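Here's the structure, in structure tokens; my notes come after.
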Amino acid sequence: MSEEKKDEKMTSPCEPETETPEQSAETADAPGANTSDEDEAEAKPEETPKGKKKDPKDTQIEELQDRLRRQMAEFDNFRKRTEKEKSAMYEIGARDMIEKILPVLDNFERGLAAVPEDEKGSSFAEGIEKIYRQFVKTLEDAGVETIEAVGQTFDPNLHNAVMHIDDEQYGENEISQELQKGYRYRGTVVRHSMVQVAN
């Protein structure tokens with residue numbers, strides 16, 4: 001055989017080329033090559049098992065939050081109840097004071113009614129009347145109002161019947177005369193009107 005034929009045999013395309021040690025090392029370093037099962041396991045996120053217990057810290061936080069909500073609700077209820085009681089106490093005290101003042105107002109009215117006709121224009125009578133009007137206005141500003149009586153139908157919630165007459169000019173259970181004025185404070189009766197009822 002000649003040397004040319006020997007060279008052709010060595011470089012025949014049918015025979016696979018053998019990798020050198022340097023080529024093997026490069027292939028191993030290439031990205032994505034020879035990825036082991038352990039590497040794939042590390043890439044996946046760890047799944048939490050369904051039956052895993054809660055962290056005690058999370059449980060304690062939830063308990064503290066629940067306790068805080070309960071305490072806030074209790075405090076809010078306490079505040080509302082205290083305000084309501086304070087308002088009720090104020091109203092009771094105000095009604096008690098008004099009830100004590102009303103006899104003074106009655107005496108003013110009796111004094112003005114007793115002034116003789118010829119002295120009604122005097123400075124003294126006019127001065128007393130002005131004081132009386134100021135007194136009434138002060139009570140009205142505080143929430144005190146007079147209960148209507150004469151000509152109204154008798155109402156046991158507002159009126160106190162002490163006399164009864166039969167008179168055809170009045171309707172059934174109509175109040176014919178007021179003997180003492182009644183007063184309300186913010187819608188609540190402080191003193192019932194003392195009245196005479198017809199028929």
Side-chain angles (χ1 to χ4, degrees), residues 60-199:
Q60 190 177 10
I61 288 168
E62 286 177 7
E63 288 175 0
L64 291 171
Q65 285 177 339
D66 184 58
R67 192 184 300 174
L68 178 63
R69 280 193 292 268
R70 288 174 184 273
Q71 286 181 346
M72 287 178 70
E74 285 176 8
F75 177 75
D76 192 47
N77 291 336
F78 170 75
R79 181 180 56 78
K80 288 177 182 175
R81 188 169 60 252
T82 305
E83 286 178 0
K84 192 175 179 181
E85 287 173 0
K86 190 191 293 182
S87 177
M89 286 174 66
Y90 174 80
E91 298 238 344
I92 289 167
R95 280 201 301 269
D96 186 52
M97 183 58 64
I98 290 163
E99 196 173 356
K100 289 176 180 177
I101 288 172
L102 291 179
V104 180
L105 191 63
D106 294 338
N107 288 332
F108 262 108
E109 289 174 353
R110 291 189 191 104
L112 288 170
V115 175
E117 286 293 330
D118 57 339
E119 293 183 12
K120 281 187 177 178
S122 66
S123 57
F124 176 76
E126 286 178 359
I128 294 297
E129 191 171 352
K130 283 179 182 179
I131 294 169
Y132 167 73
R133 286 176 184 168
Q134 185 182 11
F135 196 2
V136 170
K137 188 178 183 307
T138 302
L139 290 173
E140 285 175 354
D141 292 343
V144 179
E145 55 184 356
T146 307
I147 295 172
E148 296 294 328
V150 177
Q152 303 293 317
T153 303
F154 175 75
D155 183 354
N157 296 317
L158 302 174
H159 311 120
N160 179 21
V162 294
M163 293 178 68
H164 182 271
I165 60 164
D166 291 323
D167 195 332
E168 292 181 359
Q169 67 177 354
Y170 295 105
E172 188 70 23
N173 286 332
E174 186 179 343
I175 296 170
S176 57
Q177 187 180 356
E178 183 181 54
L179 306 172
Q180 187 181 56
K181 282 185 180 180
Y183 294 91
R184 282 185 295 204
Y185 172 66
R186 294 186 179 179
T188 306
V189 176
V190 178
R191 187 177 75 184
H192 292 74
S193 297
M194 195 179 291
V195 296
Q196 174 184 274
V197 182
N199 304 320

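Since the structure is predicted, the reported quantities are computational estimates derived from the model, not experimental observations.
Here Glu140 contributes atom CD and Arg133 contributes atom CZ; the two are 12.0 Å apart, rounded to the nearest 0.5 Å. Atom OH of Tyr183 is separated from atom CD of Glu99 by 13.0 Å, given to the nearest 0.5 angstrom. Atom-to-atom distance recorded for Asn173:CG and His164:NE2 is 7.0 Å, nearest 0.5 angstrom. With rounding to the nearest 0.5 angstrom, the CG atom of Asn107 is 11.0 Å from the CG atom of Leu112. For the atom pair CD (Glu119) and CD (Glu117), the distance works out to 10.5 Å, reported to the nearest 0.5 Å. The CG atom of Leu139 lies 11.0 Å from the CD atom of Gln134; values are rounded to the nearest 0.5 Å.
Contact record, Leu105 with Tyr132: CD1-CE1, 3.6 Å, taken as the closest heavy-atom pair. Taking each heavy atom of Lys100 and Pro103 in turn, the nearest pair found is O-CD, 3.3 Å. Summarising the geometry of His159 relative to Glu148, their closest heavy-atom pair is NE2-O, 3.0 Å, with the distance given to 0.1 Å. Taking both residues in full, the closest heavy atoms of Ala125 and Lys120 are given as CB-O, 3.7 Å, listed atom of the first, atom of the second, then distance. Of all heavy-atom pairs spanning Glu178 and Ser193, the tightest one is OE2-OG, 3.8 Å.
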Asp106 and Arg191: side chain to side chain contact (heavy atoms under 4.5 Å, CB included), yes or no, with the steps? CA-CA 12 Å; Asp106 294 338; Arg191 187 177 75 184; 2.8 Å; yes
- Trace of the salt bridge (Lys or Arg N to Asp or Glu O under 4.0 Å) decision for Glu63 with Arg67: CA-CA 6 Å; Glu63 288 175 0; Arg67 192 184 300 174; 5.4 Å; no
Could you walk me through whether Asn157 and Val189 pass side chain to side chain contact (heavy atoms under 4.5 Å, CB included), step by step? CA-CA 8 Å; Asn157 296 317; Val189 176; over 6 Å; no
* Asked: Please walk me through it: do Arg186 and Glu91 pass side chain to side chain contact (heavy atoms under 4.5 Å, CB included)?
  -> CA-CA 9 Å; Arg186 294 186 179 179; Glu91 298 238 344; 3.2 Å; yes
Side chain to side chain contact (heavy atoms under 4.5 Å, CB included) between Ile165 and Ser176: does it pass, once the steps are laid out? CA-CA 9 Å; Ile165 60 164; Ser176 57; 3.7 Å; yes
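More than 12 non-hydrogen atoms from other residues, nucleotides or ligands lie less than 6.0 angstrom from CD of Gln65. Within a 6.0 Å radius of CZ in Arg70, no more than 12 heavy atoms belonging to other residues, nucleotides or ligands are found.
In this pair, Phe135 and Phe108 present their aromatic rings perpendicular. The plane angle is above 60°, beyond the 30 to 60° band.
Among the candidates Val144, Ile98, Thr146, Leu158, the single residue satisfying the side-chain contact (heavy atoms from CB on, under 4.5 Å) test with Arg184 is Leu158.
Panel note: side chain Ser87, backbone Glu83; no donor-acceptor pair is recorded below 3.5 Å.
Under the side-chain hydrogen bond (donor to acceptor under 3.5 Å, both in side chains) criterion, Asp141 pairs with Lys137, sequence neighbours left out. With sequence neighbours excluded, the residues satisfying side chain to side chain contact (heavy atoms under 4.5 Å, CB included) with Ile92 are Arg95.
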